[in-house]
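To start, the structure under review is shown below, and the notes come after it.
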Amino acid sequence: MHTVNIHEAKTNLSRLIEQAVQGEPFIIAKAGNPLVKVSRLDAPDTARMKRLGFMAGQIAVPDDFDRMGSEEIEQLFGGEA
């Protein structure tokens, strides 16, 4: 996400809005301090997006996950797996 100053935002507002509509939000800053974030209205709110554990119950990790493929690795590298 890029940041523009107020003057640049006023000068290029149409282009910046079109970019936001295409899914590229931007921040308007004054004297280097971020003031507002501009994004399309139907964009998901990142603060509300649940990421950690979003696939809970949908996948399973086998108990021997850390040992999977050990025979092949030993054959390839000739060491103890």
Q: Mind checking the CG-CG spacing from Asp66 to Asp64? Nearest 0.5 Å is all I need.
A: 7.5 Å
Q. Just one of Arg40, Gln19, Met1 clears the side-chain contact (heavy atoms from CB on, under 4.5 Å) bar with Pro25, so which one?
A. Met1
Q.
Could you tell me if Gln75 and Glu71 have a donor-acceptor pair between their side chains, going purely by distance under 3.5 Å?
A. no
(Q) Quick check: closest heavy atoms across Val4 and His2, and the distance to 0.1 Å? (A) CG1-CD2, 3.7 Å
Q. Which of these, Asn5, Val36, Thr3, sits in a side-chain contact (heavy atoms from CB on, under 4.5 Å) with Ile28?
A. Val36
Q: Report the distance from atom CD of Glu8 to atom CG of Leu13, rounding to the nearest 0.5 Å.
A: 11.5 Å
**Q.** Approximate separation, where rounding is to 0.5 Å, of Arg15 CZ and Ile17 CD1
**A.** 11.5 Å
Q. How long is the gap from CG on Leu16 to NZ on Lys10, to the nearest 0.5 Å?
A. 13.5 Å
(Q) Hydrophobic cluster membership, with links at side-chain heavy-atom distances under 4.5 Å among I/L/V/M/F/W/Y: are Leu35 and Phe26 in one? (A) yes
